[in-house]
Q: 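Mind having a look at this structure? Questions to follow.
Since this is a predicted model, take the numbers as computed values, not measurements. Computed from heavy atoms alone, side chains included, the values below leave out hydrogens, waters and symmetry copies.
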Amino acid sequence: MKDRDKNKVKDRDKNKDRRQVVVICLNSELDIPLYRQLSTQIMESLVRGELSTGDTLPSVRALAGDLGVNMHTVNKSYHDLEAKGIIEIVAKKGAVIKAQDQKITTQRLEHLSSEFKPMVVEALLSGMDETKIHTLITNIISTVRED
């Protein structure tokens with residue numbers, strides 16, 4: 001599979017005035033699975049305001065074709081986003097962005113904590129102190145919002 005460089009993915013919303021172009025860059029050279037790269041980039045687009053509540057993502061078939069990946073990759077990404085409460089898969093409408101202004105549940109907070117913990121432990125073992133870890137996270141947040 002080849003590297004995917006800046007594939008433009010159009011939101012196929014029926015309302016053409018709301019059509020968005022979101023740039024998705026998948027890289028098969030990374031150790032991160034393609035479906036996870038796709039999920040992350042869709043979430044980043046939400047953070048930056050490129051996508052918003054009610055927007056409809058392209059169909060699995062269309063997005064897979066645009067990105068040049070297997071349909072199962074996109075399907076897995078959409079189900080990952082659905083499990084995280086980011087999108088809702090609606091019959092005859094597709095994958096729709098859910099409201100993002102909801103309060104985080106205790107269960108979701110615990111899940112995020114369990115995801116962060118191994119990375120924080122690794123950072124500490126690598127010699128980073130708490131200040132450097134905070135700085136790293138702050139820089140990541142800035143990068144996500146600016147891209």
Side-chain angles (χ1 to χ4, degrees), residues 1-16 18-100 102 104-105 107-128 132-147:
M1 195 175 301
K2 299 177 185 173
D3 289 348
R4 308 293 187 249
D5 292 325
K6 302 216 179 202
N7 292 299
K8 291 185 180 180
V9 179
K10 293 182 182 176
D11 179 7
R12 289 168 170 73
D13 194 330
K14 291 180 184 176
N15 182 350
K16 292 183 182 178
R18 292 183 48 161
R19 186 169 289 214
Q20 299 285 332
V21 175
V22 176
V23 178
I24 303 289
C25 302
L26 302 180
N27 184 346
S28 60
E29 300 295 316
L30 297 177
D31 289 336
I32 303 166
L34 293 175
Y35 84 91
R36 186 160 292 213
Q37 291 180 46
L38 179 57
S39 295
T40 299
Q41 290 183 40
I42 290 170
M43 289 186 289
E44 288 176 6
S45 294
L46 280 161
V47 168
R48 288 190 298 271
E50 297 167 356
L51 293 172
S52 58
T53 301
D55 286 347
T56 304
L57 297 175
S59 70
V60 169
R61 184 182 309 267
L63 186 54
D66 287 347
L67 295 174
V69 298
N70 190 297
M71 289 189 328
H72 296 293
T73 300
V74 177
N75 190 48
K76 188 169 184 176
S77 173
Y78 280 11
H79 284 286
D80 178 48
L81 292 168
E82 184 178 40
K84 292 176 180 176
I86 307 295
I87 67 171
E88 182 176 10
I89 299 174
V90 181
K92 307 235 186 214
K93 194 168 182 186
V96 180
I97 305 294
K98 288 175 67 172
Q100 297 304 310
Q102 301 170 12
I104 190 163
T105 64
Q107 181 182 8
R108 183 72 184 135
L109 191 58
E110 288 172 0
H111 175 75
L112 288 172
S113 179
S114 69
E115 291 283 317
F116 278 125
K117 188 175 182 178
M119 291 180 273
V120 170
V121 169
E122 184 177 343
L124 291 168
L125 287 172
S126 297
M128 292 179 75
K132 287 182 181 178
I133 294 170
H134 282 282
T135 301
L136 176 64
I137 292 170
T138 301
N139 290 339
I140 291 169
I141 291 169
S142 294
T143 302
V144 166
R145 288 187 173 153
E146 292 173 1
D147 281 353

Q: Which heavy atom of Val144 sits nearest to which heavy atom of Glu44, and what is that distance?
A: CG1-CG, 3.9 Å
Q: Between atom CD1 of Ile87 and atom OG of Ser77, what is the distance when rounded to the nearest 0.5 Å?
A: 7.0 Å
Q: How many angstroms lie between CG in Asn139 and NZ in Lys132, if you round to the nearest 0.5 Å?
A: 13.0 Å
Q: Kindly compute the distance separating NE2 (His72) from NE2 (His79), expressed to the nearest 0.5 Å.
A: 11.0 Å
Q: Is Arg48 atom CZ crowded by more than 12 heavy atoms from other residues, nucleotides or ligands, each under 6.0 Å away?
A: yes
Q: Hey, mind stepping through Leu46 and Asp55 against side chain to side chain contact (heavy atoms under 4.5 Å, CB included) and telling me if it holds?
A: CA-CA 10 Å; Leu46 280 161; Asp55 286 347; over 6 Å; no
Q: If you compare all heavy atoms of Ser39 against all heavy atoms of Asp80, which two are closest, and at what distance to 0.1 Å?
A: OG-OD2, 3.0 Å
Q: Are the side chains of Thr40 and Ile32 in touch, meaning some heavy atoms are under 4.5 Å apart?
A: no
Q: Taking all non-hydrogen atoms of both residues into account, name the closest pair between Val22 and Glu50 and its distance.
A: CG1-OE1, 4.1 Å
Q: Ignoring hydrogens and geometry, is there a side-chain-to-backbone donor-acceptor pair from Ser52 to Gly49 under 3.5 Å?
A: no
Q: To the nearest 0.5 Å, what is the distance between OG1 (Thr53) and CD (Glu88)?
A: 11.5 Å
Q: What pair of heavy atoms forms the shortest contact from Lys98 to Gly85, and how long is it?
A: CD-O, 3.7 Å
Q: How long is the straight-line distance from CG of Leu38 back to CG of Leu67, given to the nearest 0.5 Å?
A: 6.5 Å
Q: List the atom of Val60, the atom of Val74, and the distance in Å for their closest heavy-atom pair.
A: CA-CG1, 3.8 Å
Q: Measure the shortest side-chain to side-chain distance between Leu124 and Ile133 over non-hydrogen atoms and say whether it is less than 4.5 angstrom.
A: yes
Q: Roughly how far, to the nearest 0.5 Å, is CE of Met128 from CD of Glu122?
A: 10.5 Å
Q: In this structure, which one of Thr73, Asn27, Ile42 forms a side-chain contact (heavy atoms from CB on, under 4.5 Å) with Gln37?
A: Asn27
Q: Go through the steps for Arg108 and Lys84 under the test side chain to side chain contact (heavy atoms under 4.5 Å, CB included), then give the verdict.
A: CA-CA 8 Å; Arg108 183 72 184 135; Lys84 292 176 180 176; 3.9 Å; yes
